[in-house]
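The next block holds one structure in the form of structure tokens; read it before the comments.
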2 protein chains.
Amino acid sequence: MRLVVARCQIDYAGRLTAHLPMATRVLMLKADGSVLVHSDGGSYKPLNWMSPPCNLTEGTAEDGRVEWKVTSRTDDTLRILIEEIHHDSSHELGIDPGLQKDGVERHLQELLAEHPATLAPGLTLVRREFPTAIGPVDLMCRDAGGASVAVEIKRRGEIDGVEQLTRYLELLNRDPLLTTNGAVRGIFAAQAIKPQARVLAEDRGITCAVVDYDALRGLDNAEDRLF
Amino acid sequence: MRLVVARCQIDYAGRLTAHLPMATRVLMLKADGSVLVHSDGGSYKPLNWMSPPCNLTEGTAEDGRVEWKVTSRTDDTLRILIEEIHHDSSHELGIDPGLQKDGVERHLQELLAEHPATLAPGLTLVRREFPTAIGPVDLMCRDAGGASVAVEIKRRGEIDGVEQLTRYLELLNRDPLLTTNGAVRGIFAAQAIKPQARVLAEDRGITCAVVDYDALRGLDNAEDRLF
DNA sequence: AAGTACATCTCGGGC
DNA sequence: GCCCGAGGTGTACTT
């Protein structure tokens with residue numbers, strides 16, 4: 001890992017072309033040849049970058065200034081014209097053990113699979129990740145009357161989630177095996193549901209369910225204490 | 001901008017929880033309080049980060065080691081336990097003039113607006129960015145028979161683009177002024193169209209058009225040479 | 001401030 | 001390898 005602080009001008013050409021006027025920035029040169037250009041603000045996204053695998057060659061521009069050229073295998077190029085280097089240091093980092101993540105949509109799905117009745121009284125689980133031709137339905141359930149219920153789970157309930165569930169319902173309702181006890185209903189479950197998504201869902205006869213993540217975890221813990 | 005290379009362990013808690021075991025990494029501390037944790041590989045995305053606005057406080061853990069706590073207004077926290085600092089430097093960067101981008105979907109739209117007949121024979125442009133209640137239609141055209149044609153342009157044709165065009169078509173077909181010469185048709189134009197998007201589009205009577213960007217630019221250049 | 005669409009998205013999983 | 005969905009998405013633009 002090489003860290004450079006320099007006054008530089010940058011031109012990228014690839015899927016698009018982009019230009020950064022001369023200014024002082026941080027250049028992060030990683031061991032795999034990739035390059036990140038950061039300013040002193042914004043979020044984690046660099047102003048400009050080159051993804052690995054790529055190759056950096058140091059050269060000289062026509063006017064004698066230092067010029068770095070980063071090229072990828074797909075003919076993307078990043079040209080860094082350097083006017084002044086304020087800092088330049090290299091560091092041995094070693095291989096990173098990597099990130100351990102926990103608890104996202106998957107966990108919400110597990111909790112709801114264990115407690116389907118919190119979505120609607122009498123609801124029971126048929127199976128998680130119920131396969132269809134256009135992808136798996138998060139939870140396939142049955143209600144008290146024996147009718148099939150497809151549940152789509154999202155952390156945040158937005159319009160595209162409703163569209164997704166609608167596509168599943170269209171498909172599922174063509175299957176005579178699923179509709180023997182009436183049409184397949186849909187439940188859109190999320191920790192929070194945006195107003196527009198709610199309107200669209202209700203317009204399509206889909207039930208909205210706001211899920212309380214902490215309460216669900218509480219149910220789990222309560223059961224754990226019983227055993 | 002402060003650059004730190006340190007052996008550290010990191011715990012994030014927010015919308016999810018994540019853990020990074022003790023290892024040597026680069027910590028980038030920006031002027032707005034945001035923090036990025038990078039390893040010596042991967043793409044531009046940091047292993048972990050905190051987005052602005054946020055606040056960094058330096059403290060001491062129970063065992064006496066240095067501990068940084070970064071907190072956001074939404075109660076996300078990033079805890080950085082530092083074992084050894086290999087490098088620590090600060091730099092004045094100033095405000096960045098910002099990135100100038102050129103040529104993406106916009107350029108494709110301009111080219112197709114100039115050459116609508118490449119999408120379907122006899123197609124003529126009515127207007128770009130045709131306004132509707134739910135947003136602008138990329139291109140509104142008329143075919144040889146005088147019927148309206150709505151064109152949605154994407155660099156990559158995926159399902160959500162078909163959904164978007166479908167919503168437009170539903171709305172446009174309620175307008176008697178547009179349907180005097182028959183129902184409004186849809187053309188889904190993209191440099192590449194994913195199989196699932198193609199199936200969905202055709203199922204809804206939407207025509208798919210694969211656009212050759214280079215050939216379109218060629219048409220433009222040929223015309224330029226004439227004048 | 002909220003909603004929408006785009007991104008040189010990145011990243012992981014499935015086939 | 002491609003395809004597809006999720007993201008602590010970020011980002012720009014509109015309402």
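Keep in mind it's a predicted model, so treat the numbers as computed, not measured.
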Under 3.5 Å, side-chain donor or acceptor atoms of residues 197-208 of chain A against the rest of the protein: list the pairs with distances, not counting sequence neighbours.
unit_1: Arg204(A); atom_1: NH1; unit_2: Glu163(A); atom_2: OE1; d: 3.1
unit_1: Arg204(A); atom_1: NH1; unit_2: Thr166(A); atom_2: OG1; d: 3.0

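- Considering only side-chain atoms of Gln164(B), the nucleotide from dT10(C), dT11(D), dA5(C) that sits closest is dA5(C).
- The nucleotide whose nearest atom lies closest to any side-chain atom of Tyr44(A) is, among dG10(D), dA5(C), dG3(C), dG10(D).
- Residue Met50(B) is in base contact, counting any heavy-atom pair closer than 4.0 Å across all strands shown.
- For Asn173(B) (side chain) and Ala183(B) (main-chain N/O), no donor-acceptor pair under 3.5 Å exists by modelled atom type.
- Checking side-chain atoms of Ser39(A) against main-chain N and O of Asp96(B) turns up no donor-acceptor pair under 3.5 Å.
- The residue Ile159(A) sits close only to the backbone: its heavy atoms come under 4.0 Å of sugar-phosphate atoms, none of a base.
- Atom CG in Leu99(A) sits about 20 Å away from atom P in dA6(D), given to the nearest Å.
- Here the P atom of nucleotide dA6(D) and the NZ atom of Lys45(B) are 15 Å apart, to the nearest Å.
- Residue Asp160(B) contributes atom CG, which lies 16 Å from atom P of dG7(D) at whole-angstrom precision.
- One atom, NZ of Lys101(A), and another, P of dG13(C), lie 10 Å apart when rounded to the nearest Å.
- The 5' end of DNA chain D is approached more closely, in terms of each residue's nearest nucleotide, by Arg167(A) than by the other of Arg167(A) and Asp76(B).
- In this entry the distance linking CZ of Arg198(B) with P of dC4(D) reads 12 Å, nearest Å.
- Not a single donor-acceptor pair under 3.5 Å links the side chain of Asp32(A) to the backbone N or O of Gly41(B).
- Each of Ile80(A), Leu81(A), Ile85(A) was scored for a side-chain contact (heavy atoms from CB on, under 4.5 Å) with Cys8(A), with one residue passing: Ile80(A).
- With sequence neighbours left out, the side-chain contact (heavy atoms from CB on, under 4.5 Å) criterion links Glu92(A) to no other residue.
- Atom CD of Glu158(A) is separated from atom P of dA6(D) by 12 Å (rounded to the nearest Å).
- Between the side chain of Tyr168(B) and the backbone N or O of Pro136(B), at least one donor-acceptor pair lies under 3.5 Å.
- Look at CZ on Arg73(A): it is 16 Å from C1' on dG1(D), rounded to the nearest Å.
- Atom CG of Leu200(B) and atom P of dG5(D) are 11 Å apart (whole Å).
- Nearest to the side-chain atoms of Trp49(B) among the listed nucleotides dG10(D), dT10(C), dC6(C) stands dG10(D).
- Position along DNA chain C of the nearest nucleotide to Lys194(A) versus Tyr12(A) favours Lys194(A) as the more 5'-ward residue.
- For the pair Asp138(B) (side chain) and Ile153(B) (backbone), a donor-acceptor distance under 3.5 Å is present.
- Residue Lys154(A) places at least one side-chain N or O closer than 4.0 Å to OP1 or OP2 of dA6(D).
- Which of dA6(D), dT10(C), dG10(D) sits closest to the side chain of Ser51(A) comes down to dT10(C).
- Taking every side-chain heavy atom of Pro195(A) into account, dG3(C) is the closest of dA6(D), dG3(C), dA5(C).
- Residues of residues 33-43 of chain A having a heavy atom closer than 4.0 Å to DNA chain C: none are found.
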